[in-house]
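Side-chain atoms are counted along with the backbone in the values below, which use heavy atoms only and exclude waters and symmetry mates. For reference, positions follow the sequence shown, starting with 1.
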Amino acid sequence: ASRSPRSGLTGPGGSGRAGSAAERALDRIHQQIDEKHEGAARGLVPIYEATENHEGVKNAYLIILEHQAPGSEERRQVQSNLMRLHEGPLGNVEEAFAWASEIVREPPASAVDAAEFERLAGKIDAWFSVVDMYRALIDLDETSPELKTELRMRLGRVLTDEIENMEEA
């Protein structure tokens, strides 16, 4: 499921600091651009990063994501950026886990993606979600045989080590 910004780009000052003249100028500029324009969003990312406007960065990434093809490397990179942003500066591990879930769900997922998904699951004790996701991916025809094997091993580990359900492992 794709996400969209609540109401377009968040204005400068998202870091909670008093707005500087530069941030007020950015606010005026961003009000004049098409909020769904990928190029404008890409241009705002480094500006928002420099001013530590994490909400602005998040919303710009969401716009960029809307323009990326499913399964593309660019899309995976933007999703990863959103995951890290939520886990770090935005301090929302649950939302970071949701982004990790999307990365794992969308082919071509990898063992590295699964490891990151599990790492975040451990932070919020979301092991049953991991089990459900792995079972669903194993059942999909689109999942590569190599990834299915990796997911079966990971599923067994999660069931035995994290959920302590030896019967299903």
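The shortest heavy-atom contact between Ala111 and Arg154 is O-NH2, 3.5 Å. In terms of heavy atoms, Gly71 sits closest to Pro108 at O-CD, 3.5 Å. Nearest heavy atom pair, residue Val104 against residue Asp113, reads CG2-O, 3.5 Å. Contact between Ala60 and Val45 at its shortest, heavy atoms only, is CB-CG2, 3.6 Å. Nearest heavy-atom pair across Glu55 and Leu90 is OE2-CD2, 3.6 Å. Ala109 and Arg76 make their closest contact through CA-NH2, 3.6 Å (heavy atoms, listed as atom of the first residue, atom of the second, distance).
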Under 3.5 Å, sequence neighbours excluded: what are the donor-acceptor pairs made by side chains of residues 121-134?
from   : atom 1 : to     : atom 2 : distance (Å)
Lys123 : NZ     : Glu87  : OE2    : 2.5
Tyr134 : OH     : Ala114 : O      : 3.3
Tyr134 : OH     : Glu118 : OE2    : 2.7

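The only member of Glu73, Glu38, Gln79 that meets side-chain hydrogen bond (donor to acceptor under 3.5 Å, both in side chains) when paired with Gln68 is Glu38.
The distance from the NE2 atom of His67 to the CG atom of Leu62 is 11.0 Å, given to the nearest 0.5 Å. Summarising the geometry, atom CZ belonging to Arg152 is positioned 11.5 Å from atom CG belonging to Leu137; distances are rounded to the nearest 0.5 Å. The CG atom of Leu82 sits 8.5 Å away from the CD atom of Glu95 when rounded to the nearest 0.5 Å. Separation of atoms NE2 (His54) and CD (Glu49) is listed at 9.5 Å; rounding is to 0.5 Å. Note: Ile163 CD1 to Arg157 CZ = 10.0 Å, rounded to the nearest 0.5 Å.
A donor-acceptor contact under 3.5 angstrom links the side chains of Asn81 and Gln77, judged on distance only.
Two different hydrophobic clusters hold Met153 and Leu155 under the rule that ILVMFWY side chains link at heavy-atom gaps under 4.5 Å.
Not a single ring pair (Phe, Tyr, Trp, His ring centres under 6.0 Å) links Tyr61 to another residue, sequence neighbours left out.
Salt-bridge annotation for Arg119 and Glu116: present, with a side-chain N of the basic residue lying under 4.0 Å from a carboxylate O of the acidic one.
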